[in-house]
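In this text the structure is predicted, and so the values were computed from the model without any measurement. Atom set for the values below is all heavy atoms of this structure, side chains included, hydrogens, waters and symmetry mates excluded.
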Amino acid sequence: MEGVLKHFTHDHPLILFKYNNSPADVLCYGCGDPIITNTYVYRCSNTTPRSNASQEDSSCTNYFLHKTCSTLPPNIQHDLDIQHMQTLRHDEYRRICDFCEKRIWKQFFYKCTACYFDICLKCSSLQRDLNHASHNHTLTLLPLKSSHFCRACGTDEGGKDFSYLCKTCLFWIHNRCASAPPKLIFKSHAIDHPLVLDYSIPEEYRRFGVLCNLCCEVVDSSLWLYYCAFCRYFAHIKCVLSATENINEDVGDVDDPDLVHFPVSEDNPSLLYQLIQKFAENFSNSIDERSGGKADKIRHCGNGHSLVLFDELNNKNVAETESSESMICDGCVLDN
């Protein structure tokens with residue numbers, strides 16, 4: 001039947017439908033990337049709500065698969081391992097890609113049973129010869145990691161990534177940059193406005209000067225970037241890719257007495273006040289040693305103002321040396 005698929009990773013048939021952001025923030029079961037609204041994807045056909053829904057039903061409800069991921073070949077012979085065949089797998093174990101050294105978890109990957117190594121989807125899609133929209137000549141994959149200046153992100157990764165090289169004009173780019181998607185959903189930006197990849201700052205924005213919304217540094221007009229024309233949102237390609245790679249990293253359980261978990265509970269609003277006081281103790285240059293190290297005033301913020309610790313809960317200045325009208329620097333916007 002057209003629009004129905006039986007996939008080896010799921011027990012039930014999959015049906016093709018147009019995703020309209022419901023449920024929100026879903027990820028592809030194959031590649032782990034977000035599902036973009038108004039695109040056609042596969043989902044489990046067994047998703048009828050029932051009062052006695054089991055864990056299996058829950059896994060069905062959260063099963064989504066990009067059309068491209070649904071058509072991945074079951075076996076490949078990759079240029080990086082031309083002696084063997086690699087088989088498409090999916091399991092719950094945490095693995096490391098033996099090529100890019102990135103984590104593989106709850107995603108498709110290719111496994112070489114002869115060499116006992118794993119290849120993530122991105123590395124499995126590497127082509128020996130690449131015709132990239134950013135360059136006029138064919139780029140060739142270098143099978144060894146090397147150190148060079150990337151013409152896309154403007155950095156030297158120190159041999160952490162594979163590279164593509166133009167043999168005609170010595171144009172180098174990282175594989176990570178060459179594999180960057182032309183559009184992506186970025187969580188720090190409006191979900192209905194995908195960021196668009198461009199190989200230089202669009203002409204209409206160059207005369208104004210552009211800052212990266214993530215690192216606040218200037219965006220070089222000759223380097224690649226992601227941007228949203230609707231919101232005038234710009235970001236270095238290196239900043240966006242680093243953020244998206246770390247967004248699903250599992251930091252595990254952190255046992256740190258100074259760690260504050262947000263959002264702060266309404267039952268304990270003083271926790272945030274304690275956090276600010278802790279910051280003042282660590283960074284003030286006006287600590288009174290005789291008072292046990294509590295900093296009531298931080299001299300000189302970025303614009304030269306003195307910042308006074310203010311107990312908003314009790315509506316009073318902790319130092320009790322100034323009136324309430326002169327205690328707060330409003331983000332270096334207002335001077336009293």
Taking it one step at a time, do Arg176 and Lys238 satisfy side chain to side chain contact (heavy atoms under 4.5 Å, CB included)? CA-CA 9 Å; Arg176 181 176 75 158; Lys238 61 181 180 181; 4.3 Å; yes
Mind checking whether Trp224 and His174 have ring centres under 6.0 Å apart? no
Would Ser163 and His148 satisfy side-chain hydrogen bond (donor to acceptor under 3.5 Å, both in side chains), going step by step from the backbone distance to the final call? CA-CA 9 Å; Ser163 307; His148 66 90; 2.7 Å; yes
Please check: side-chain N/O of Asp98 versus main-chain N/O of Asp118, any donor-acceptor pairing under 3.5 Å? yes
State yes or no: do Tyr233 and Leu223 share one hydrophobic cluster built from I, L, V, M, F, W and Y residues joined by side-chain heavy-atom distances below 4.5 Å, directly or via other members? no
Distance-only polar pair, side chains of Arg206 and Ser200, donor-acceptor under 3.5 Å: yes
Give a yes or no on whether the ring-centroid distance for Phe234 and Tyr205 is below 6.0 angstrom. yes
Give, for atom CZ of Phe108 and atom CG of Leu121, the distance between the pair rounded to the nearest 0.5 Å. 7.5 Å
Would Asp33 and His66 satisfy side chain to side chain contact (heavy atoms under 4.5 Å, CB included), going step by step from the backbone distance to the final call? CA-CA 9 Å; Asp33 290 339; His66 287 128; 4.2 Å; yes
Please confirm whether Tyr63 and His90 have ring centers closer than 6.0 angstrom. no
When you compare the side chains of Asp129 and Thr138, does any donor N or O come within less than 3.5 Å of an acceptor on the partner? no
Expected output: side-chain His132 to main-chain Ala178 donor-acceptor under 3.5 Å: yes
Lys183 side chain near Leu197 side chain, heavy-atom distance below 4.5 Å: no
Please indicate whether Glu204 has more than 12 foreign heavy atoms, meaning atoms of other residues, nucleotides or ligands, lying under 6.0 Å from its CD. yes
Closest non-hydrogen atom pair, His84 against Cys112: CB-SG, 3.6 Å
Roughly how far, to the nearest 0.5 Å, is CG of Leu5 from OH of Tyr42? 5.0 Å
How far apart are the closest heavy atoms of Cys153 and Cys150, and which atoms are they? N-SG, 3.5 Å
Is it the case that one hydrophobic cluster holds both Val196 and Leu241, taking links as side-chain heavy atoms less than 4.5 Å apart, direct or via other members? no
Thr68 backbone acceptor or donor facing Thr71 side chain under 3.5 Å: yes
Heavy-atom neighbours of Lys6 NZ exceed 12 at 6.0 Å: yes
Just so I know, are the side chains of Ile237 and Cys177 near enough to count as touching, which here means a heavy-atom distance under 4.5 Å? yes
If you measure from CG on Leu65 to SG on Cys44, what distance do you get to the nearest 0.5 Å? 11.5 Å
Taking the side chain as every heavy atom from C-beta outward, state whether Leu165 and Leu139 have any atom pair closer than 4.5 Å. no
Should Tyr110 and Cys120 count as side-chain neighbours, where that means a heavy-atom distance under 4.5 Å? no
Backbone N/O of Leu14 and side chain of Ser45: donor-acceptor pair under 3.5 Å: no
Please check if the number of heavy atoms outside Tyr40 that lie under 6.0 Å from its OH is greater than 12. no
Between Tyr227 and His236, does the ring centroid distance fall short of 6.0 Å? no
Locate the shortest heavy-atom distance separating Ile76 from Ser124; write the atom from each residue and the value. CD1-CB, 3.9 Å
Apply side chain to side chain contact (heavy atoms under 4.5 Å, CB included) to residues Val210 and Val218 and explain how you reach the verdict. CA-CA 6 Å; Val210 172; Val218 175; over 6 Å; no
Quick one: pull up OH in Tyr164 and NE2 in His135 and give me the separation to the nearest 0.5 Å. 14.0 Å
Validation row: Gln86, Ile119 side chains within 4.5 angstrom (heavy atoms): yes
Which pair of non-hydrogen atoms, one from Leu195 and one from Cys228, has the smallest distance, and what is that distance? CD2-CB, 3.8 Å
Does a sphere of radius 6.0 Å around CZ in Phe8 hold more than 12 heavy atoms from other residues, nucleotides or ligands, not counting ones at 6.0 Å or beyond? yes
Could you pull out the closest heavy-atom pair between Tyr226 and Ala180, with the gap in Å? OH-CB, 3.5 Å
How long is the span from the CZ atom in Phe64 to the CG atom in Leu27, to the nearest 0.5 Å? 10.0 Å
If you define the side chain from C-beta out and look only at heavy atoms, does anything of Leu141 sit under 4.5 Å from Leu130? no
Hey, could you give me the SG/NZ distance between Cys123 and Lys102, rounded to the nearest 0.5 Å? 8.0 Å
Does Leu142 reach the side chain of Trp172, with side-chain heavy atoms less than 4.5 Å apart? yes
Quick check: closest heavy atoms across Cys169 and His137, and the distance to 0.1 Å? SG-ND1, 3.7 Å
Before giving the answer on side chain to side chain contact (heavy atoms under 4.5 Å, CB included), spell out for Phe17 and Arg43 the whole-Å C-alpha distance, their side-chain angles and the decisive distance to 0.1 Å. CA-CA 7 Å; Phe17 85 111; Arg43 72 177 304 172; 3.4 Å; yes
Are any of the side-chain heavy atoms of Leu88 and Phe109 separated by less than 4.5 Å? no
Is it true that Ile35 and Ile15 fall in one hydrophobic cluster, defined by side-chain heavy atoms closer than 4.5 Å? no
Examine distances only and state if a side-chain atom of Ser242 and a backbone atom of Cys239 form a donor-acceptor pair shorter than 3.5 Å. no
